[in-house]
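The structure under discussion appears below in the form of structure tokens.
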Protein chains: 2
Amino acid sequence: MNNCSCIKNVKNEVSMDVLFELSEFFKFFGDTTRIRIIHLLLSGEVSVNDIAEKLNLEQSVVSHQLRILRTANLVKPRRDGRKMFYSLDDEHIGLIFNTGLTHILHKKGK
Amino acid sequence: MNNCSCIKNVKNEVSMDVLFELSEFFKFFGDTTRIRIIHLLLSGEVSVNDIAEKLNLEQSVVSHQLRILRTANLVKPRRDGRKMFYSLDDEHIGLIFNTGLTHILHKKGK
DNA sequence: TTGATACATGAACAGTTATTCATATTTTCA
DNA sequence: TGAAAATATGAATAACTGTTCATGTATCAA
């Protein structure tokens, strides 16, 4: 056998780096404001002001959270005049959202 | 039409309560220690001391995090003598873990 | 250019949370 | 019963995070 660490990446083995990134990734979904924004963007792109109005949040709060989501490449901006439209930037986001949602609804169901 | 709030639960509509619970739920995955514990338990039940040893964590840290996961019904304990074996308590946990993992690996892939 | 609109950002504050250390509880075995 | 092993818990601390408030930047229209 070989005890080189390169060989260690067998099936089901996940490096600590990946586990760290994974927890960092889930953190983005672990905030009410962000999850509400993500949920809203699931149905298409929305401007910053519209997000704030529809979610009844201050514009500053929305901008701050959008910056976090944008830095993480979860949302992407598009400028149109003075407005900024944000939309989800990753195909996985909806999947993860719905997987969690299914869990919650299933739990409430019984 | 009927404006009773009961009728409001149309497709794609999620109440703020559920969105709040959803974010609370994702928080459990948003910590490195907990995600490492969850990952370890994916392959079966493990005792507290074994978790601490395999993850190189203090026993106290593991117990504290296990309590959080236990309170949230994400893990369940089983006593055997003086040992406590913990295992995942919900079929969805592995699914959510893997959905996130797929995202991370896919992101690193390109 | 000036004013107004839309958005971004920085600093400060408050609330939350994970870890550490000490100690308590539970079970087994001599 | 007493000691040891395995785990749980409480309090304190330090670090992190979201919101607020004030202000800065960019774009358009007159």
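All of these numbers come straight from a predicted model, not from anything done at the bench.
Screening residues 17-27 of chain B for salt bridge (Lys or Arg N to Asp or Glu O under 4.0 Å), with sequence neighbours left out, gives Lys108(A)-Glu21(B), Glu24(B)-Lys27(B).
Distance, Arg78(B) CZ to dA6(D) P: 16 Å, rounded to whole Å. Rounded to whole Å, atom C1' of dT17(D) lies 17 Å from atom CD1 of Ile35(A).
Between dA8(D) and Tyr86(B), a contact under 4.0 Å exists linking OP1 or OP2 to a side-chain N or O. One finds a side-chain N or O of Asn49(B) lying less than 4.0 angstrom from the OP1 or OP2 phosphate oxygen of dT7(D).
In this structure Asp90(B) satisfies the salt bridge (charged side-chain N to carboxylate O under 4.0 Å, His left out) test with no other residue, sequence neighbours excluded. Taking Asp50(A) as the reference, nothing meets the salt bridge (charged side-chain N to carboxylate O under 4.0 Å, His left out) condition, with sequence neighbours excluded. For Arg82(A), there are no side-chain hydrogen bond (donor to acceptor under 3.5 Å, both in side chains) partners two or more places apart in sequence or in a different chain. In terms of the side chain to side chain contact (heavy atoms under 4.5 Å, CB included) criterion, residue partners of Asp80(B) (sequence neighbours excluded) are, by chain and number, Arg78(B), Phe85(B). Listed by chain and residue number, Phe26(A), Phe25(B) satisfy the ring-ring contact (aromatic ring centres under 6.0 Å, His included) test with Phe29(B) (two or more places apart in sequence, or in another chain). Every residue meeting the salt bridge (charged side-chain N to carboxylate O under 4.0 Å, His left out) condition with Lys76(A), not counting sequence neighbours, appears here in chain and number order: Asp89(A).
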Quick one: what's the B/S/- string for nucleotides 19-30 of chain D, heavy-atom cutoff under 4.0 Å, read 5' to 3'? SBBB----BB--
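The span of DNA chain C lying next to chain B, judged by atoms under 4.0 Å from heavy atoms, is bounded 5' to 3' by dA18(C) to dT28(C).
At least one side-chain heavy atom of Thr32(A) sits under 4.5 Å from a side-chain heavy atom of Arg36(A).
No contact: Phe85(B) has no heavy atom under 4.0 Å from any strand.
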